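Numbering starts at 1 and runs along the sequence shown. Remember, predicted model here, so these are calculated numbers, not experimental data. Hydrogens, waters and symmetry mates play no part in the numbers below; they use all other heavy atoms, side chains included.
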Amino acid sequence: MSVTLVFGGARSGKSAYAERIARESGKEVVYIATSRAGDGEMAARIAHHRERRPAEWRTVEEELALAQALCDWCAPQRLVMVDCLTLWLSNLMFCDGRDYPEVGAVDLPACFHHERTALLDQLNEGLPGDLILVSNEVGMGIVPWGAISRSFADEAGRLNQAVAARADRAVLVAAGLPLVLKGPQC
């Protein structure tokens with residue numbers, strides 16, 4: 001199994017780069033989409049991503065149980081692509097429908113901790129086939145206003161570090177250009 005983390009800022013080209021790797025792999029591709037269409041703008045983003053994907057790719061929508069989806073879909077003959085980890089993280093943060101305070105400590109739901117641990121454990125144990133994980137880099141801008149926004153940026157940074165440590169390859173994408181930070185250059 002080979003694990004690749006592809007990360008970058010919004011509209012950096014990270015998804016297009018990951019999709020190119022998947023297309024060029026010659027393997028059967030399973031695309032795990034973690035987003036949910038909570039409003040019209042997000043629905044349009046999802047539609048744009050769907051239109052770009054080859055028709056022969058299987059799409060699996062999974063908002064929360066990502067580790068289980070990887071167990072279900074990873075196989076030696078497949079490449080599984082997850083787009084994206086930060087949307088998944090956001091889904092976990094709000095999985096129980098709670099409202100967070102603007103100031104003060106943020107207590108994340110039990111499902112957040114359980115699912116995050118399950119994913120990292122799964123990466124430690126290994127999965128058959130190849131895996132590409134797409135994520136946003138949200139820590140290169142200003143510190144967000146509000147406790148939950150700061151918590152999200154912190155958790156996204158921690159998750160990216162943990163995944164990168166377990167990945168065979170980590171690629172930062174900026175302006176559509178990949179910069180390999182870990183692993184083979186090709």
Side-chain angles (χ1 to χ4, degrees), residues 3-15 18 30-50 59-74 80-125 127 131-167 170-174:
V3 177
T4 299
L5 172 65
V6 176
F7 67 106
R11 302 292 147 252
S12 64
K14 62 192 173 295
S15 293
V30 174
Y31 184 105
I32 300 178
T34 63
S35 62
R36 65 173 70 152
D39 58 31
E41 186 267 340
M42 193 61 177
R45 286 176 181 250
I46 291 169
H48 174 73
H49 276 257
R50 280 185 184 138
T59 299
V60 174
E61 295 181 1
E62 181 51 61
E63 298 176 5
L64 298 173
L66 183 55
Q68 184 59 54
L70 294 176
C71 282
D72 294 345
W73 291 102
C74 286
V80 174
M81 179 179 158
V82 176
D83 199 357
C84 85
L85 290 179
T86 41
L87 285 171
W88 171 72
L89 196 70
S90 179
N91 295 342
L92 292 175
M93 291 177 84
F94 293 94
C95 67
D96 64 359
R98 73 175 65 183
D99 290 324
Y100 290 98
E102 281 299 312
V103 295
V106 172
D107 180 31
L108 296 171
C111 72
F112 174 91
H113 300 290
H114 172 77
E115 292 297 334
R116 183 185 186 280
T117 299
L119 173 67
L120 296 176
D121 287 349
Q122 196 65 261
L123 294 176
N124 281 338
E125 293 170 16
L127 292 158
L131 176 62
I132 300 172
L133 301 162
V134 177
S135 191
N136 287 288
E137 172 52 64
V138 298
M140 297 177 87
I142 60 171
V143 175
W145 181 263
I148 190 60
S149 298
R150 285 189 300 276
S151 179
F152 173 77
D154 291 347
E155 293 299 335
R158 288 183 189 112
L159 180 63
N160 284 346
Q161 288 180 60
V163 171
R166 290 159 174 81
V171 182
L172 173 65
V173 179

Set of side chain to side chain contact (heavy atoms under 4.5 Å, CB included) partners for D83, sequence neighbours left out: S15, Y31, H49, M81, V134
Whether S12 side chain and G9 backbone form a donor-acceptor pair below 3.5 Å: yes
Rounded distance (nearest 0.5 Å) linking atom CD of E63 with atom OG1 of T34: 8.5 Å
Intermediate values then yes/no, side-chain contact (heavy atoms from CB on, under 4.5 Å), I32 and T59: CA-CA 6 Å; I32 300 178; T59 299; over 6 Å; no
Test item: N136 side-chain N/O and V138 main-chain N/O as donor-acceptor pair under 3.5 Å: no
Exam field: side chain S135 to backbone N160, donor-acceptor pair closer than 3.5 Å: no
Option passing side-chain contact (heavy atoms from CB on, under 4.5 Å) with V6 (candidates L172, V173, L133): V173
Side chain R166, main chain V3, donor-acceptor under 3.5 Å: no
Point-to-point distance, once rounded to the nearest 0.5 Å, from SG of C95 to CD of E115: 8.5 Å
Rounded distance [0.5 Å steps], CZ in R116 versus CD in E155: 6.0 Å
Atom pair CG (D99) and CD1 (I148), whose distance is rounded to the nearest 0.5 Å: 10.5 Å
Side chain T117, main chain H113, donor-acceptor under 3.5 Å: yes
Stepwise side-chain contact (heavy atoms from CB on, under 4.5 Å) test for L108 and S151: CA-CA 9 Å; L108 296 171; S151 179; 4.3 Å; yes
Inter-residue atom distance T86.OG1 - M93.CE, 0.5 Å rounding: 11.5 Å
Ring pair (Phe, Tyr, Trp, His ring centres under 6.0 Å) partner of F94, the single match among F112, W88, F152, Y100: Y100
Passing candidate, side-chain contact (heavy atoms from CB on, under 4.5 Å) with V80, options I132, L131, D72: L131
Pairs satisfying side-chain hydrogen bond (donor to acceptor under 3.5 Å, both in side chains), at least one member in residues 137-149, at least two apart: none
Gap separating the CD atom of E62 from the CG atom of N91, nearest 0.5 angstrom: 9.5 Å
Which atom of Q122 lies closest to which atom of A67, heavy atoms considered: NE2-O, 3.7 Å
L5/V171 under side-chain contact (heavy atoms from CB on, under 4.5 Å): CA gap, chis, key distance, verdict: CA-CA 6 Å; L5 172 65; V171 182; over 6 Å; no
